[in-house]
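First the structure, which I've put down as structure tokens, then a few questions once you've had a look.
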Amino acid sequence: MARVTLIGPLRTLAGIATLEIEAHNIRSLLAALAERVPALAAEIDAGVAVAVDGQIFQDALLQPLAPDADVHLLPQIAGG
């Protein structure tokens, strides 16, 4: 299972820092996370930044995840 670490406000909303989720890609991981921690659903729908094994992904929902992936989620940062 992928080890998911929540950063910043996501951690506060969830009330936990890390959890394990079984998923085969980023899309399925985010869906499973929203189902497991409903307090995160709105933030996930608004968009989150995803780092997998140290590499940041944007708009890569079909990016495959290894069973032992280390995933970090944080709110997207908007530029201006």
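Here the structure is a predicted model, which is why all the values come from computation and not from measurement.
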Legend entry - Qualifying residues under side-chain contact (heavy atoms from CB on, under 4.5 Å), relative to A49, sequence neighbours excluded: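 Only L74 meet the side-chain contact (heavy atoms from CB on, under 4.5 Å) criterion with A49.
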
Inset, instruction - Check side-chain contact (heavy atoms from CB on, under 4.5 Å) between P9 and all other residues, then give those that pass, not counting sequence neighbours. - result: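 Partners of P9 by the side-chain contact (heavy atoms from CB on, under 4.5 Å) criterion, ordered by chain and then number, come out as P75.
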
Legend entry - Gap between atom NE2 of H72 and atom CD of Q55 - 0.5 Å precision: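 Here the rounded value is 14.5 Å.
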
Inset, instruction - Answer with yes or no whether the hydrophobic clustering places V50 together with L61; edges join I, L, V, M, F, W, Y residues whose side-chain heavy atoms lie under 4.5 Å apart. - result: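 Yes.
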
Legend entry - V71 side chain near I26 side chain, heavy-atom distance below 4.5 Å: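 Not in contact.
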
Inset, instruction - Inspect the surroundings of CD1 in I56 and state if more than 12 heavy atoms from other residues, nucleotides or ligands are less than 6.0 Å away. - result: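 For I56, atom CD1 is not crowded (no more than 12 foreign heavy atoms under 6.0 Å).
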
Legend entry - Closest non-hydrogen atom pair, V48 against Q76: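 Closest approach of V48 to Q76, heavy atoms only: C-CG, 3.6 Å.
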
Inset, instruction - Please list, chain by chain and in numerical order, all residues satisfying side-chain contact (heavy atoms from CB on, under 4.5 Å) with A60, sequence neighbours excluded. - result: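 So A60 forms a side-chain contact (heavy atoms from CB on, under 4.5 Å) with F57, Q63.
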
Inset, instruction - Check side-chain hydrogen bond (donor to acceptor under 3.5 Å, both in side chains) between N25 and all other residues, then give those that pass, not counting sequence neighbours. - result: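 N25: side-chain hydrogen bond (donor to acceptor under 3.5 Å, both in side chains) contacts with S28.
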
Legend entry - Separation of R36 CZ from I21 CD1 (nearest 0.5 Å):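 Those atoms lie 5.5 Å apart.
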
Legend entry - Nearest-0.5 Å distance that lies between atom CE in M1 and atom CG in D68: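 Between M1 CE and D68 CG, I get 12.5 Å after rounding to 0.5 Å.
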
Legend entry - Check: D70 main-chain N/O paired with D53 side-chain donor or acceptor under 3.5 Å: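 Answer holds: yes.
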
Inset, instruction - Taking all heavy atoms of I16 and all of R11, pick out the closest pair and write down the distance. - result: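 What the structure gives for the nearest pair is O-CG, 3.4 Å.
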
Legend entry - L40: partners by side-chain contact (heavy atoms from CB on, under 4.5 Å), with sequence neighbours left out: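 Once residues adjacent in sequence are excluded, the partners of L40 under the side-chain contact (heavy atoms from CB on, under 4.5 Å) criterion are L6, L10, L13, A14, L33, V37, I44.
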
